[in-house]
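The structure appears below as structure tokens.
Numbered from 1 within each chain, the chains take letters A, B, ... in sequence-line order. Not measured: the values here are computed from a predicted model.
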Protein chains: 2
Amino acid sequence: MPKPDNSPLPGKPASLRTRDRILATSLALFNADGVAKVSASRIAAELGMSQGNLHYHFRRKEEIVDRLVRRYEQEAGPVLAGPTSELASVDDLWLFLHLGFEKIFEYRFIYREIDYLTTEFPSLGARMRELTAQGIETLKRLCTQLAAAGCLRASEEEIAVLALQMILTATCWFTFARLLPETEDTGPGRAAYQVLSLLVPFLADNERTYVEYLRRKYRA
Amino acid sequence: MPKPDNSPLPGKPASLRTRDRILATSLALFNADGVAKVSASRIAAELGMSQGNLHYHFRRKEEIVDRLVRRYEQEAGPVLAGPTSELASVDDLWLFLHLGFEKIFEYRFIYREIDYLTTEFPSLGARMRELTAQGIETLKRLCTQLAAAGCLRASEEEIAVLALQMILTATCWFTFARLLPETEDTGPGRAAYQVLSLLVPFLADNERTYVEYLRRKYRA
DNA sequence: GTCTATATGCGGATAGAC
DNA sequence: GTCTATCCGCATATAGAC
């Protein structure tokens with residue numbers, strides 16, 4: 001068995017790199033089996049590392065989870081803030097949704113066990129509520145932009161219901177997907193299509209061609 | 001402290017009644033704090049009973065969960081099968097949705113930790129998938145009935161997306177609700193309104209008055 | 001930084017008296 | 001049916017050698 005290279009890199013001491021390896025492996029295991037089922041010893045074993053060493057880097061499992069969630073918040077933040085330029089067409093929205101679902105998929109352990117995590121680690125609750133509220137506001141804003149651009153025809157009330165529904169779907173899609181037959185495509189693209197299709201009845205006729213294209217792609 | 005009355009009732013031996021008390025208390029605790037956080041000793045303590053006695057009635061915690069889920073399946077089955085008579089208006093659908101959400105709310109621990117439960121107790125996975133598939137089929141059928149009755153105008157493809165979205169919402173609503181501000185009404189009625197509002201753009205004009213009434217009720 | 005060895009505590013599960 | 005007492009196993013957490 002080759003010994004892992006822990007020699008310090010310029011500006012990157014071995015300890016930092018070990019921390020990153022721990023986080024990467026933990027993320028993969030959490031996504032695969034869930035936080036509840038993945039013990040600290042399991043993580044250490046997967047890394048070929050002793051529990052003692054793991055504990056040297058992260059005193060408690062909660063710290064690993066917390067670190068990963070903070071990373072998610074940082075990476076999702078810019079996506080969640082929405083595009084800087086105004087949306088002018090439905091495929092702009094499509095791109096936004098696709099990026100969002102890819103990020104959620106990358107950290108899918110968070111939403112898959114959201115209830116367990118927020119009761120096990122209460123500090124997470126408030127932060128996830130904040131993210132949710134931000135998502136709703138962004139979606140409302142984007143829909144309002146589309147309405148202004150003449151792509152979409154909906155009242156303020158309709159947009160509010162729609163935005164909530166979109167965030168609900170984004171939040172729960174990968175959890176719900178596990179209740180569908182395994183033959184179904186449930187990846188990020190399919191998820192984005194599902195969300196986009198909520199808008200269809202409100203779209204201007206000429207904006208529907210793009211959605212038609214996506215339909216053929218994801219419900220073939 | 002008064003001693004609990006465990007004297008046998010006609011046709012109801014004390015053991016049965018104790019089983020029921022255990023199930024009732026477990027359900028309440030699971031709904032409140034989640035299956036993962038509620039230990040067998042906690043259940044026993046709540047009932048003023050020893051762990052040994054609890055174990056006499058249910059050898060493993062999994063058996064309690066399993067029993068409760070089976071009860072849910074039995075009670076949800078008739079609801080999920082849908083009304084026996086054809087739907088003729090949107091308020092028929094409203095009643096169906098409301099009954100469904102009340103049942104889900106009663107057993108909300110199941111969906112709130114669905115991912116945790118299906119990995120911890122794999123036998124649950126297949127059964128929940130079955131229920132989900134059944135729900136989708138029923139919703140498709142009901143929408144098709146409404147379309148036939150002239151209340152709703154949607155293609156088969158649109159109905160498919162819609163049914164999936166409705167079941168997703170039913171499945172995840174009470175989980176998602178915990179990410180909303182606590183000031184929001186997120187009860188079964190509000191949930192049913194949210195699902196119904198997915199249909200609005202497809203409804204015939206004269207069917208929207210009922211939804212308008214609900215809107216005033218739940219988004220006041 | 002990394003290891004081995006060990007302490008601590010809890011939840012699940014059991015045995016046997018009453 | 002119900003209790004007390006106890007065991008097992010796992011996960012978290014720590015101590016101290018290298």
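Distances shown here put every side-chain N or O of His55(B) at or beyond 4.0 Å from the OP1 or OP2 atom of dG12(C). Contact between the side-chain N/O atoms of Lys61(A) and the OP1/OP2 oxygens of dA11(D) is not found at any separation under 4.0 Å. In terms of phosphate contacts, Thr18(A) brings a side-chain nitrogen or oxygen within less than 4.0 Å of OP1 or OP2 of dT2(C).
The only option from Glu120(A), Lys61(A), Glu62(A) that meets the side-chain contact (heavy atoms from CB on, under 4.5 Å) definition with Val35(A) turns out to be Lys61(A).
Both tests hold for Arg108(A) against Phe105(A): distance to the six-membered ring centre under 6.0 Å, angle to the ring axis within 45°.
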Note to self: Checking Gln194(A) against Arg190(A) for the side-chain hydrogen bond (donor to acceptor under 3.5 Å, both in side chains) test, could you report, in this order, the C-alpha distance in whole Å, the side-chain angles of both residues, the deciding distance, and whether it holds?
What the structure shows: CA-CA 6 Å; Gln194(A) 180 73 22; Arg190(A) 172 67 178 83; 3.0 Å; yes
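Atom CD1 in Ile43(B) sits roughly 11 Å away from atom P in dA13(C) (whole-Å rounding). Residue Asn53(A) contributes atom CG, which lies 15 Å from atom C1' of dA15(D) at whole-angstrom precision. The OH-P distance, from Tyr56(B) to dG16(C), rounds to 17 Å in whole Å. A straight line from CZ of Phe58(B) to P of dT14(C) spans 15 Å, rounded to a whole angstrom. Taking atom CZ of residue Arg17(B) and atom P of nucleotide dT2(D), one finds them 10 Å apart after rounding to whole Å. Straight-line distance from the CD atom of Glu62(B) to the P atom of dA13(C): 8 Å, rounded to whole Å. Whole-Å rounding puts the Leu54(A) CG to dC3(C) P distance at 10 Å. Taking atom CZ on Arg21(A) and atom C1' on dT2(C), their separation rounds to 12 Å, with Å as the unit.
Ser39(B) comes within contact range of the sugar-phosphate backbone alone, with a heavy-atom separation under 4.0 Å but no base atom that close. Heavy atoms of Arg42(B) sit nowhere under 4.0 angstrom from any nucleic acid atom.
Comparing His57(B) and Gln51(A), the nucleotide of DNA chain D nearest to each residue sits closer to the 5' end for His57(B).
Between Phe174(B) and Gly187(B), the shortest heavy-atom contact is CE2-C, 4.3 Å. Between Leu180(A) and Leu164(B), the closest heavy-atom pair is CD2-CD1, 3.8 Å.
When distances run from any side-chain atom of Ser50(A) to the nucleotides dT4(C), dT2(D), dG11(C), the shortest one goes to dT4(C).
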